[in-house]
Amino acid sequence: MKKRFMVTAVCLLLAVVMLAGCTAAPAASSAPASQEPAETSEAPAETSEAPAETSEAPAASDNGAIVSDSSNVSLDDYTPAKKEYNFYLTYKLVHPWWDAVGLGLEEAQKQYADKGITINYEYTAPVTPDATDQVSRLEQAAGRNFDVIGVDVNDIKIVTPTINNLIDQGVKVMTFSSSDATKEDGCKRIAYVGNTHNKQDGADLAEILAEKIDYKGQVAALGGTIGAPCHEDRIAGFKEVMEKYPDIEVVEIQYDNDQVEQALTYAEGFLQKYPDLKGIFCNNMGNPIGAAQAVLDAGKKDDIVIVGMDHDKRALEYLRDGVISALGVQDCFKMGFDTIQTAIKIADGLEPGDAYPEQTQEKTTIIYPEGAQHLLDMLYPES
């Protein structure tokens with residue numbers, strides 16, 4: 001049976017990353033349900049039934065980027081219709097990226113508690129990405145009387161039919177954080193809070209890579225998880241940019257399934273197979289670390305350009321040291337905070353429109369080596 005525990009400030013250490021990238025220790029959870037969830041092979045789900053104490057992470061500006069935290073976010077003017085809400089939120093996999101989203105959820109919970117509104121939520125995911133597992137979680141949650149179910153879509157084709165089925169049954173379903181399934185995808189979900197510009201993020205990083213290799217040479221890419229919308233969109237943006245430059249050859253794309261070790265193995269393979277390789281494009285929080293380690297081990301720090309996503313401490317250190325050239329950092333904290341606000345309005349029966357948008361857009365900011373130490377000092381002060 002899944003263990004449950006209160007969300008603690010320990011998450012902050014791993015996920016303070018709340019800046020602008022797509023992955024957490026297990027989730028925050030409060031099941032108001034009529035039954036316990038079935039056993040799953042996952043890390044314990046965090047339970048949050050009362051406002052949990054948190055440590056404030058510093059807000060800061062780096063190259064114009066604002067980092068959200070408890071000191072610079074506040075609830076909007078909407079007055080909830082009830083005094084208590086119960087939400088179920090499931091995401092792609094247990095990973096530090098979603099810890100930062102969880103901190104935003106926790107802060108919203110705390111601010112609502114100050115207004116006399118109780119927010120209970122279950123925030124949970126498998127240890128490795130599994131769309132079939134996600135479908136099972138959604139189906140189980142549908143029978144547990146949550147006010148709203150939220151899902152960070154693992155695979156549009158696999159998960160969308162389940163979302164639509166739940167909506168048809170009268171279950172209120174939204175999407176959040178890194179990956180949406182839109183109406184254009186045939187999904188009936190009510191609203192989305194998160195990154196709406198993953199393809200552009202991929203294109204922006206690809207342009208940086210192209211410029212740094214003088215628009216010529218061989219490049220490879222690490223693509224994260226097959227079917228994950230955010231990862232596929234970033235790869236699509238990367239490909240479109242590379243196609244603009246006839247002297248750049250994309251020699252290989254490998255999918256590392258959000259695993260640093262797998263990314264390292266693939267990157268080592270790139271270096272062995274393509275001795276003239278000039279760059280590696282990375283599209284999630286883990287694969288820039290694997291790519292950077294492979295490049296360092298091969299003694300090619302000055303020969304290969306790496307770009308990637310998000311705020312992992314090791315990635316920021318590699319950025320500071322010049323092994324990585326740029327990272328796109330997402331505002332995870334704000335994603336979590338806005339998810340709770342939107343879920344309340346959905347629970348109260350409001351449709352997207354004046355009360356909240358169908359898609360709440362959150363920012364991504366490109367960070368370069370000169371900004372890395374500042375972020376390390378801010379996000380990981382113990383180091």
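Position 1 is the first residue of the sequence; numbering continues from there. Remember, it's a predicted structure, so these values are computed and weren't measured experimentally.
- At a threshold of 4.0 Å, the pair Lys92-Asp130 does not count as salt-bridged, since none of the basic side-chain nitrogens sits closer than that to a carboxylate oxygen.
- Applying the ring-ring contact (aromatic ring centres under 6.0 Å, His included) test to residues at least two apart or on different chains, none of the pairs has a partner in residues 165-196.
- For Asp155, there are no side chain to side chain donor-acceptor pair (under 3.5 Å) partners, not counting sequence neighbours.
- Counting only residues at least two apart or on different chains, the salt bridge (Lys or Arg N to Asp or Glu O under 4.0 Å) pairs with a member in residues 271-285 are Glu252-Lys273.
- With sequence neighbours left out, Leu264 forms a side chain to side chain contact (heavy atoms under 4.5 Å, CB included) with Glu268, Gln293, Ala294.
- With sequence neighbours left out, the side chain to side chain donor-acceptor pair (under 3.5 Å) criterion links Gln111 to Glu107.
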Would you give me the side-chain donor-acceptor pairs under 3.5 Å for residues 299-309, sequence neighbours excluded?
| unit_1 | atom_1 | unit_2 | atom_2 | d |
| --- | --- | --- | --- | --- |
| Lys300 | NZ | Pro275 | O | 3.3 |
| Lys301 | NZ | Asp321 | O | 2.8 |

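- Ring centroids of Tyr88 and Phe146 are separated by less than 6.0 Å, placing the two rings close together.
- In this structure Phe238 satisfies the ring pair (Phe, Tyr, Trp, His ring centres under 6.0 Å) test together with Phe281, sequence neighbours excluded.
- The ring pair (Phe, Tyr, Trp, His ring centres under 6.0 Å) test applied to Tyr112 returns no partner, not counting sequence neighbours.
- Tyr215 meets the side chain to side chain donor-acceptor pair (under 3.5 Å) test with no other residue; sequence neighbours excluded.
- Pairs engaging residues 172-192 under the salt bridge (Lys or Arg N to Asp or Glu O under 4.0 Å) rule: Asp168-Lys188, Asp180-Arg189, Arg189-Glu358 [sequence neighbours left out].
- Applying the side chain to side chain donor-acceptor pair (under 3.5 Å) criterion to Tyr266, with sequence neighbours excluded, gives no partner residue.
- Contacts of Glu139 classified as salt bridge (Lys or Arg N to Asp or Glu O under 4.0 Å), with partners at least two apart in sequence or in another chain: none.
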